[in-house]
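On a predicted model such as this, the values are computed, not experimentally measured, just so you know. Per chain, numbering begins at 1; letters A, B, ... match sequence-line order.
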Amino acid sequence: MDTSAQSGTNFIRNQIEEDLRAGKREEVITRFPPEPNGYLHIGHAKSICLNFGLAQEFNGRCHLRFDDTNPVKEEDEYVNAIREDVGWLGFDWGEHQYFASDYFEQLYAWAVELIGKGLAYVDSQTPEQIREGRGTLTTPGTESPFRNRAVEENLALFTAMKNGEFPDGAHVLRAKIDMAASNMNLRDPVMYRILHAAHHRTGDSWCIYPMYDFAHGQSDSIEGVTHSICTLEFEDHRPLYDWFIRSLEIHNPQQIEFARLNLSYTVMSKRKLLQLVQEEHVRGWDDPRMPTISGMRRRGYPPQAIRRFCERIGVGKSDSWIDLSTLEDCVREELNETAPRRLAVLDPLKVVITNLPEQRIDTRAANHPQRPEMGTRTMSLTPEIVIDRSDFLEDPPRKFFRLAPGKEVRLRHACIIRCDEVIKDDSGEVVELRCSCDPETFGANPADGRKVKGTIQWVSTEFGQQVPVRLFDRLFVEPTPERAEDFRQCLNPESLQEVRAWVEPELGQARPGTVYQFERIGYFTPDTKDSSLDAPVFQRTVTLRDTWAKQQGK
RNA sequence: UGGGGCGUCGCCAAGUGGUAAGGCACCGGAUUUUGAUUCCGGCAUUCGCAGGUUCGAUCCCUGCCGCCCCAGCCA
């Protein structure tokens with residue numbers, strides 16, 4: 001793994017260093033704790049890189065622990081997908097894979113212990129009554145009439161809850177803290193609820209399940225976690241986290257909170273992502289337009305690019321909205337180094353070279369301009385080729401370095417051609433160009449010293465192949481769909497376009513796993529799901545920077 | 001108007017008493033058989049605002065202002 005990354009510093013790293021220096025901790029154990037109720041997205045990647053990265057950096061370890069305390073939402077499909085994604089990102093949890101459900105027995109015993117200490121009680125109010133009793137942000141709550149039940153009665157009731165003697169919602173176990181606390185989390189939070197639901201791992205063994213607050217900290221404690229890193233919204237829970245640890249007198253991990261990632265032009269909440277999938281706005285969790293790890297993998301984003309992105313955006317506590325261009329830049333940076341180059345024509349315009357000396361002229365083309373070790377391939381120029389429609393303009397603006405009537409341009413890896421004649425159909429559309437070539441310019445500049453600034457890609461219609469290519473655009477037209485009244489109203493109707501492109505012959509056998517650069521266009525890779533052995537379906541990973549287009553847009 | 005956080009360049013983000021790193025974006029220019037890449041150069045006399053302490057403050061104090069989170073038997 002590349003640890004060479006530009007390691008900027010951040011407040012969490014600083015604090016860990018301080019804890020180690022001061023002797024408060026002797027090792028660093030972190031954990032990535034996803035709830036298996038959805039697929040991982042780029043926001044999770046930030047947390048994964050942070051937790052695993054810190055553990056690596058301090059020679060500690062990072063656990064993968066599934067926070068599966070709510071059986072109605074969690075599924076094995078999700079735990080498998082999560083394991084695959086974390087591994088693909090390049091992180092290894094070794095033997096340290098855990099489930100909060102592994103600790104149900106221990107958690108139950110601890111609940112009993114707290115009841116014994118008079119720190120927990122069974123509340124028999126209805127959910128509505130409990131809500132009303134909690135008070136509001138500005139008014140204190142009121143104590144439940146069941147708050148002062150005897151320890152023995154609490155024990156008997158809690159045992160009966162566990163034994164399935166009550167229906168869902170009949171009773172709840174609550175921590176006895178302070179109904180007037182200004183921090184709502186301390187107003188006698190619920191520890192256990194009755195849920196007659198099958199759990200993905202424990203099946204029907206339990207019909208009471210611990211709440212997040214009564215499971216997370218203790219799970220960290222059991223595993224010896226030293227630094228429990230989570231997102232900002234849990235900051236208010238820290239006093240409760242500490243209260244349980246203190247009341248139980250067990251190992252005390254330290255919770256540290258950081259700001260979650262927000263990315264422009266996409267949504268990150270699991271609920272919204274689930275909705276996109278269920279309402280079929282996308283073709284599944286791994287749709288290449290999704291901000292999920294699996295979607296990015298399918299789209300061709302290399303894991304190194306995602307790790308670099310997480311390193312680059314830093315870690316802080318202020319709400320941040322990262323621009324999509326930052327992510328795309330990381331993807332380009334990686335792919336520019338590794339992607340073999342090929343020529344492809346997405347929007348073909350037929351060109352006939354009228355004076356080609358032979359029916360076929362072979363040239364050697366480097367697979368990467370800066371990396372000769374990536375080898376070369378042969379390209380065959382024939383009298384009939386296609387070029388991209390956007391590389392020809394009948395009436396070009398100043399500084400248009402491509403083809404136009406009477407103008408010259410270089411065919412990449414081949415020779416210079418001049419446009420002699422423009423052929424149109426009845427409707428006036430240009431359907432063919434007749435060009436003459438300068439045979440002296442194969443692998444050489446014009447002997448007379450004339451300058452031909454433009455170079456364009458081409459494909460021989462005799463040897464090339466036609467393949468489907470999907471062009472993705474951002475899923476949303478609004479920079480912050482997350483804030484919209486209805487984020488679905490912001491969906492980009494043109495986020496997926498499919499064209500039929502001409503590509504170099506060997507691309508017809510391309511397999512998923514390799515990302516190519518189609519020169520002057522972008523990076524493309526065969527889709528893992530829709531490609532077959534000899535029929536790849538290409539998709540655009542990301543475009544190349546295009547300063548010409550940018551200038552034109554102004 | 002309870003509590004908890006946050007406010008340094010368009011977007012992120014270091015720095016936390018000694019006179020503002022870096023990245024993305026943007027703007028110039030060089031090289032280029034990808035208008036790609038690469039390379040050079042530019043880009044905050046200023047750190048939410050107002051006072052105060054100090055020889056000196058983004059860093060300390062006071063007061064404002066703005067934004068985010070919390071009233072699930074979700075995590």
Side-chain angles (χ1 to χ4, degrees), chain A residues 6 8-11 33-35 37 67-70 72-73 123 126-127 130-132 134-141 168-174 180-187 189-195 208-209 211-213 215-216 230-239 257 259 261 264 270-271 311-323 325-330 332-333 336-337 341 343 365-366 368-370 399-402 410-416 441 443-445 452-457 517-522 543-551:
Chain A
Q6 53 284 48
T9 190
N10 63 59
F11 77 101
E35 181 188 12
N37 69 341
D67 232 329
D68 57 349
T69 56
N70 185 357
V72 307
K73 290 186 175 177
D123 194 349
T126 62
I130 288 179
R131 188 182 346 108
E132 284 162 20
R134 193 147 29 222
T136 70
L137 295 178
T138 51
T139 65
D168 289 3
H171 307 279
V172 94
L173 184 70
R174 290 231 255 172
S182 48
N183 180 341
M184 301 289 288
N185 293 119
L186 264 18
R187 319 244 263 224
V190 172
M191 294 164 59
Y192 267 94
R193 75 287 214 183
I194 299 171
L195 239 33
I208 57 171
Y209 292 91
M211 297 287 289
Y212 165 85
D213 287 307
H216 202 94
C230 62
T231 44
L232 248 30
E233 66 270 28
F234 292 102
E235 206 150 20
D236 281 345
H237 293 243
R238 192 177 350 124
E257 312 83 11
L261 166 69
S264 63
K270 276 193 191 173
R271 199 199 101 243
E311 188 64 45
R312 191 172 284 182
I313 59 177
V315 180
K317 296 191 70 160
S318 52
D319 294 322
S320 62
W321 284 87
I322 307 291
D323 204 277
S325 65
T326 302
L327 211 208
E328 293 186 333
D329 183 72
C330 291
R332 290 192 190 103
E333 200 171 296
N336 177 52
E337 292 296 319
R341 270 55 169 174
L343 300 190
H368 189 117
Q370 282 83 35
K399 292 201 165 179
F400 182 76
F401 306 139
R402 307 175 192 181
R410 173 175 288 281
L411 294 179
R412 176 70 165 157
H413 294 127
C415 61
I416 290 171
T441 56
N445 283 319
V452 174
K453 181 123 171 105
T455 299
I456 64 175
Q457 75 274 20
Q517 183 194 98
F518 288 178
E519 293 199 38
R520 305 211 308 134
I521 309 174
T543 60
L544 242 34
R545 279 205 190 82
D546 189 344
T547 50
W548 170 249
K550 198 180 291 172
Q551 283 171 27

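Remark on RNA chain B: of its neighbouring residues F401(A) and T139(A), the 5'-side contact belongs to T139(A), judged by nearest-heavy-atom nucleotide. In terms of position on RNA chain B, the residue among E235(A) and G443(A) whose nearest nucleotide sits closer to the 5' end is E235(A).
Put simply, NZ on K453(A) is 13 Å from C1' on rA36(B), counting in whole angstrom units. Per the geometry, CD belonging to E311(A) stands 15 Å off C1' belonging to rC24(B), to the nearest Å. In this structure, E328(A) atom CD and rA25(B) atom P are separated by 10 Å, rounded to whole Å. If you measure from atom CD of E519(A) to atom C1' of rG35(B), you get 13 Å, rounded to the nearest angstrom.
Picking from rA13(B), rC24(B), rU34(B) the nucleotide with the shortest atom distance to the side chain of S318(A) gives rA13(B).
With both ends at atom C1', the span from rU31(B) to rC40(B) equals 11 Å, rounded to whole Å. The separation of rG22(B) from rA44(B), taken at their P atoms, amounts to 11 Å, rounded to a whole angstrom.
Within the 4.0 angstrom heavy-atom criterion, no nucleotide atom of any strand lies near A181(A). In this structure, N10(A) reaches the sugar-phosphate backbone alone: every heavy-atom distance under 4.0 Å involves primed, P, OP1 or OP2 atoms, never a base. A444(A) comes within 4.0 angstrom of a base, heavy atoms only. Note on F518(A): nothing from the nucleic acid sits closer than 4.0 angstrom, heavy atoms only.
Base orientation for rG72(B): syn, the chi torsion being within 90° of 0.
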Dot-bracket line, read 5' to 3' along RNA chain B, where crossing pairs take [ ] and | marks a partner on another strand, Watson-Crick or G-U under 3.5 Å:
.(((((((.[[[..)..(...]]].(((((.......))))).....[[[[[..)....]]]]])))))).....
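Side-chain atoms of P239(A) and L186(A), non-hydrogen and from C-beta on, do get closer than 4.5 Å to each other.
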Nucleotide by nucleotide, nucleotides 68-75 of chain B touches protein heavy atoms under 4.0 Å in the pattern (B base, S sugar-phosphate only, - none) SBBBSBSB
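We find that E35(A) and K73(A) are not joined by a salt bridge, their nearest charged nitrogen and carboxylate oxygen being 4.0 Å or further apart. Classification of E235(A) and K317(A) as a salt-bridged pair holds, one side-chain N sitting under 4.0 Å from a carboxylate O.
For a distance-only test at 3.5 Å, the side chain of Q457(A) fails to qualify as a donor-acceptor partner of the base of rU34(B). Within 3.5 Å, a donor on the side chain of R402(A) pairs with an acceptor on the base of rG35(B), or the reverse.
A donor-acceptor contact shorter than 3.5 Å is absent between the side chain of R341(A) and the backbone of H368(A). N183(A) contributes a side-chain N or O that, together with a main-chain N or O of D236(A), makes up a donor-acceptor pair within less than 3.5 Å.
Closest of all the heavy-atom pairs between T136(A) and R187(A) is O-NH2, 2.6 Å.
Not counting sequence neighbours, the partners of D67(A) by the side-chain hydrogen bond (donor to acceptor under 3.5 Å, both in side chains) test are H216(A).
Put simply, K317(A) has no side-chain N or O that comes within less than 4.0 Å of OP1 or OP2 on rG7(B). For rA36(B), one of the phosphate oxygens OP1 or OP2 lies less than 4.0 angstrom from a side-chain nitrogen or oxygen of T547(A).
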